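This report refers to the structure that appears directly beneath it.
Small disclaimer: the values here were computed from a predicted structure and weren't measured. All ligand and atom numbering here is 1-based and tracks the order in the structure.
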Amino acid sequence: MKVFKFGGASIKDYKSIIRLSRIIRKENHDRMIIIVSAMGKTTNSIEKLVLSYLNSSKDFKDKLELIKNFHLDIIKNLFKKNNSSITNIVQAVFDEIDKFLKTNKETDYNLIYDQIVSYGEILSSIIISKYLNFIGLKSKWVDARSCIVTDEYYRDANVDLERTSKSLKKNIRGKGLFVSQGFIGSNKKSYTTTLGREGSDYSAAIFAHALDAESVTIWKDVRGVLNADPRYFNKTKLLNKISYEEAIELAFYGASVIHPKTLQPLKKKSIPLFVKSFLSPSREGTLISKKDYKVRNIPSHIVKWNRVLLKISSKDFSFIVEKKISLIFSMLSKYKMKVELIQNSAISFSVVLNNKYQRLDELLKELRENFKVSVDKEVSLFTIRHFNRNSLKHIKKLNHNILLEQRTYETLQLVLSRNFKRENLFEFFEQ
Ligand code: ASP
Ligand code: MG
């Protein structure tokens, strides 16, 4: 079995879906699973729709209509005059969304979000599976909601790998070309869950793990894994071959090319991961595997924007050690904060957080009952993996923006103040 994953950018319009079909046709596709994201920026559009709906703003209907027309338009271009049956199917999906919105009694934002946002992947996978059939590549549509078993942590659900593996083995058997969704699953209450933004890579890895796939290929709009984001830097280098460990580190620090959870299920079964460009499929791209390739001489640059830096210190000048650290972490976990960097000294403890669930105020209130806390919002976390002398020279120029620095043998991380903007990054790279 081979697993191919196509992200939103690679299926953003009808032409790119035709391109996808050409890639599939060229490959040996009688044992293949295609995992797709939502088309283009659909997930963002549905997120906005959910917000309108919850704010009882009337324009949510217009937003839904726009999303529907976007998909119907693609269908018309793909199926030309033969679009009536697929149009009906897609119309029925929109009726389902409409019905949910009209009858929903739930109030939890995260739960509602998952029920609706997941339709982006449902729609793209139905359209792509039907299109492949239409052009003679017989495919079978698989509903990930009945295979990927998760907990109830909506918007960032945790996958039960064992139960998921069993159910995937049951649902995907023998030869064939299968099409399923990334990003989504369901829990024992039969609610749909999502695995976190950009989580389709992770889904592809889960399918591969469960079915002992020979490889996973992630098709991207970039050449492969690069040492910097090509939107900010035009002299990026391709990392041709890297180890799982290196890829995990890069993804963890925020290299947006792969979702950070993707590597673990693959590493467990030594399944190689290819990252390739769907624009030039014959080019090599990046291979991630268990071999320890040395990439130490290429510094990689990664930025995470819009983070929160907390400096926590004791009110009575006492040490911040085990008990207090454990108390701090229990609060971080209670308010669903994602911790991205920690640094401690005798009487203070700093953390960089991703405030994904918007619960910072609640956290601060509780922390301040026990500690003194200072907050910097909208900071960015700049990581240079395998930094060298040149990197050190460059970062001197960022001095006024640096709120915190952490250095290990391989990695340099800076927390930069909100004054540090994307333009400054260009300057940094241009030196
Ligand atoms: N469609 C989802 C997102 O845009 C998942 C993914 O693309 O991987 O975040
Ligand atoms: Mg995406």
Decide whether the shortest distance between a heavy atom of Ala38 and an atom of ligand 1 is less than 4.0 Å.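 Ala38 counts as a contact of ligand 1 under the 4.0 Å cut-off.
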Out of curiosity, is Gly199 lining ligand 1, as in a heavy atom under 4.0 Å away?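 Yes; Gly199 lies near enough to ligand 1 that a heavy-atom distance drops under 4.0 Å.
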Look at the aromatic rings of His259 and Tyr202 and report parallel, tilted or perpendicular, splitting at 30° and 60°.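 Judged by the thresholds at 30° and 60°, the geometry between His259 and Tyr202 is parallel.
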Answer side chain, backbone, both or neither: which part of Glu121 comes under 4.0 Å from ligand 1, heavy atoms only.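 The answer is the side chain of Glu121.
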Can you sort out which atoms of ligand 1 are near [X], meaning under 4.0 Å from one of its heavy atoms?
X	value
Phe183	2 (C), 5 (C)
Arg197	3 (C), 4 (O), 9 (O)
Thr43	1 (N), 2 (C), 3 (C), 4 (O)

Is there a side-chain contact between Ile23 and Phe4 in this structure, where contact means two heavy atoms from C-beta onward sitting under 4.5 Å apart?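 Result yes, sub-4.5 Å side-chain heavy-atom pair found.
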Take Tyr109 and Leu51 through the side chain to side chain contact (heavy atoms under 4.5 Å, CB included) test and state the conclusion after the steps. CA-CA 9 Å; Tyr109 166 71; Leu51 279 179; 4.1 Å; yes
Salt-bridge contact Asp376-Arg418 (side-chain N to carboxylate O under 4.0 Å):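 No, Asp376 and Arg418 are not salt-bridged.
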Has ligand 1 got any nitrogen or oxygen that is less than 3.5 angstrom from a nitrogen or oxygen of Asp201?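 Asp201 vs ligand 1: no N/O contact under 3.5 Å.
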If you measure every N/O of Glu198 against every N/O of ligand 1, is any gap under 3.5 Å?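 Checking ligand 1 against Glu198, an N or O pair does fall under 3.5 Å apart.
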Are Phe6 and Phe278 an aromatic pair by the rule of ring centers under 6.0 Å?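 Ring centroids of Phe6 and Phe278 are no less than 6.0 Å from each other.
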For the residue pair Lys304 and Phe252, would you count it as a cation-pi contact if the rule is NZ or CZ under 6.0 angstrom from the ring centre and within 45 degrees of the ring axis?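 Judged by the rule (NZ or CZ under 6.0 Å from the ring centre, within 45° of its axis), Lys304 counts as positioned above Phe252.
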